[in-house]
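This report concerns only the one structure given below.
Every number for a ligand or one of its atoms is a count from 1 in the order of the listing. One is the number of the first residue; the rest follow in order along the sequence.
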Amino acid sequence: MTHLKGKTALITGASSGIGAATALKLAKAGVKVGIAARRADRLDALKAEIDGQGGEALVLELDVADPDAVRSGVDRFMQMFDVIDILFNNAGVMPVAEIDQFKVDEWNAMVDINIKGVLNMTAAVLPHMIRQHSGHIFNTSSIAGRKVFGPGYTVYSATKFAVSAFSEGLRMEVGKKHNIRVTSIQPGAVATELPEQTTDPEKRRQLDDYRAAITFLDPDDIADTLLFAAQAPAHVNVAELFVLPTEQI
Ligand code: NDP
């Protein structure tokens, strides 16, 4: 078993939902966390909560789509903590709308954040992990990165398929060569703020109806699975975590 106490983790999308829950759980397990997102007020509140529990957190206000901001955020993390044991590439957006509405700005935001954000952060962190000859990278894909969900989810699914593919290829490239583990997390429906970016009223209503129809996962459920994989013995790479609400088809 890998002990987490004293390790370090950088978590993107830490201002709410899955990222915030995971940062809290890791901090409780004794991990020093860098918490990254755009909403600094949320990150400050999370840091206060972690500090109050005797943990250690560094606020990194940044946009994962901006390579310069990502690089300087990782530099600050390394100045503070010296080592990076875990990277959780979790920031993402899901504005749902059908293609013939041509919400091109939303398509671009999904590509820039969900795909390029993962690439930007990986490019900034990987040289440190290679130098250390150790590390664990988690990428949040989705059930939508395994199957196309249906009308409205086309571009989102395309971005999450990209995250799944990148995770698997990265795992092959850095496992044996650099002793770095890579885990693709593929959650089903989780109760978070994610639906709030959907501007199409009909799709938003469908999302709200689905939330009422089944018992969603809690963000803590996903955090628990990440901790399970992070604590696996060093020779074990849990390559995929496909975690669904029991009622989800
Ligand atoms: P939330 O909306 O609660 O969290 C999304 C997080 O991403 C926020 O912290 C947000 O912070 C951050 N974020 C968004 N854009 C950027 C950006 N440009 N730069 C930095 N941070 C950014 O939703 P979830 O917790 O549900 O989402 C987390 C991940 O889980 C996403 O990748 C999502 O696609 C995935 N997922 C979610 C599922 C669900 O059912 N909820 C199912 C499967 C996967 P801020 O706005 O402050 O920048």
Side-chain angles (χ1 to χ4, degrees), residues 10-25 33-47 59-74 87-96 105-106 108-121 124 138-147 149 153 155-164 166-167 183-198 206-208 210-211 213-223 225-226 240-245 247-248:
L10 198 169
I11 300 133
T12 71
S15 59
S16 60
I18 295 167
T22 306
L24 264 175
K25 282 216 187 240
V33 291
I35 45 177
R38 296 165 300 181
R39 287 171 296 175
D41 54 335
R42 295 286 201 99
L43 296 175
D44 289 341
L46 180 62
K47 177 181 164 50
V59 169
L60 298 168
E61 180 188 352
L62 59 83
D63 182 340
V64 294
D66 176 348
D68 292 336
V70 165
R71 266 193 299 273
S72 55
V74 171
L87 168 63
F88 186 17
N89 275 318
N90 169 71
V93 290
M94 186 188 74
V96 182
D105 290 346
E106 294 184 352
N108 285 330
M110 284 189 273
V111 170
D112 288 345
I113 297 168
N114 300 0
I115 304 178
K116 290 188 189 168
V118 171
L119 300 181
N120 290 336
M121 197 46 87
F138 292 86
N139 297 324
T140 308
S141 176
S142 169
I143 185 175
R146 301 171 64 99
K147 65 176 181 185
F149 246 47
Y153 293 85
V155 177
Y156 180 72
S157 266
T159 65
K160 291 301 187 179
F161 268 75
V163 174
S164 295
F166 177 67
S167 302
T183 301
S184 170
I185 306 188
Q186 297 151 9
V190 187
T192 69
E193 297 171 18
L194 200 65
E196 290 174 18
Q197 297 129 20
T198 292
Q206 284 173 10
L207 285 163
D208 292 343
Y210 190 48
R211 173 81 183 265
I214 67 164
T215 303
F216 274 29
L217 298 175
D218 187 87
D220 276 342
D221 298 323
I222 301 301
T225 65
L226 183 143
E240 287 188 7
L241 289 164
F242 181 32
V243 188
L244 302 177
E247 295 177 275
Q248 185 166 7

Which of the numbered atoms in ligand 1 are under 4.0 angstrom from any heavy atom belonging to Gly92? 5 (C), 7 (O), 14 (C), 31 (C), 32 (O)
Indicate yes or no: does an N/O atom of Val64 lie under 3.5 Å from an N/O atom of ligand 1? yes
Write out the residue and atom name of the closest protein heavy atom to atom 1 (P) of ligand 1, then the distance separating them to 0.1 Å. Ser16 OG, 3.4 Å
Residue of the set Val33, Ile35, Leu10 for which side chain to side chain contact (heavy atoms under 4.5 Å, CB included) holds with Leu60: Leu10
So is Leu62 touching ligand 1 or not, going by heavy atoms under 4.0 Å? yes
Can you sort out which atoms of ligand 1 are near Ala189, meaning under 4.0 Å from one of its heavy atoms? 40 (O)
Would you call Gln248 and Ile143 a side-chain contact if the rule is heavy atoms closer than 4.5 Å? yes
Answer yes or no: is there a side-chain heavy-atom contact under 4.5 Å between Leu62 and Met121? yes
Tightest non-hydrogen contact, residues Gly92 and Asn114, listed as CA-OD1, 3.2 Å
Given Arg38, Met121, Lys116, which one has a non-hydrogen atom that is nearest to atom 15 (N) of ligand 1? Arg38
Options Asp63, Asn90, Thr140, ranked by nearest heavy atom to atom 32 (O) of ligand 1, top entry: Asn90
Could you tell me which non-hydrogen atom of Arg42 sits nearest to which non-hydrogen atom of Ser16, and how far apart they are? NH1-CB, 3.5 Å
Return the option from Gly188, Ala65, Ser15 holding the heavy atom at the smallest distance from atom 10 (C) of ligand 1. Ser15
Heavy atom of Lys160, distance to ligand 1 below 4.0 Å: yes
Is there a side-chain contact between Thr192 and Met94, using heavy atoms and a 4.5 Å cut-off? no
Non-hydrogen atom of Pro195 closer than 4.0 Å to ligand 1: no
Minimum-distance pair of heavy atoms, taken over all atoms of Val163 and Thr140: CG1-O, 3.8 Å
In terms of side-chain geometry, is the basic nitrogen of Arg211 or Asp208 positioned less than 4.0 Å from the acidic oxygen of its partner? no
Look only at interatomic distance and state if Val190 has a nitrogen or oxygen under 3.5 Å from any nitrogen or oxygen of ligand 1. yes
Under a 4.0 angstrom heavy-atom cut-off, which atoms of ligand 1 come close to Gly17? 3 (O), 25 (O)
Heavy-atom nearest pair, Ala69 first then Asp63, reads CB-O, 4.3 Å
Among Tyr210, Phe88, Tyr156, which one has a heavy atom closest to atom 34 (O) of ligand 1? Tyr156
Suppose we measure from atom 12 (C) of ligand 1 to each protein heavy atom; which comes out shortest, and what is that distance? Gly13 CA, 3.5 Å
At under 4.0 Å between heavy atoms, is it the side chain or the backbone of Ala36 that contacts ligand 1, or both, or neither? neither
Tell me, do Thr22 and Asn90 make a side-chain contact under 4.5 Å, heavy atoms counted? no
Show the nearest heavy-atom pair for residues Ser157 and Ala144, with the distance to one decimal. OG-O, 3.0 Å
For atom 22 (C) of ligand 1, the closest protein heavy atom turns out to be Ala91 CB, 3.6 Å
Minimum heavy-atom distance between Pro95 and Val93, given as atom pair plus value: CD-C, 3.6 Å
Tell me which part of Pro219 gets within contact of ligand 1: side chain, backbone, both or neither, using heavy atoms under 4.0 Å. neither
4.5 Å side-chain heavy-atom contact, Ile185 and Leu226: yes
Please write down residue, atom name and distance for the protein heavy atom closest to atom 44 (C) of ligand 1. Ser141 O, 3.3 Å
Say whether Phe216 and ligand 1 are in contact under the criterion: heavy-atom distance to a ligand atom below 4.0 Å. no
Tell me the nearest of Asp41, Ile18, Thr192 to atom 26 (O) of ligand 1, using heavy-atom distances. Thr192
What atoms in ligand 1 come closer than 4.0 Å to a heavy atom of Ala14? 9 (O)
What protein heavy atom lies closest to atom 27 (O) of ligand 1? Include the residue and the distance to one decimal. Leu194 CD1, 4.0 Å
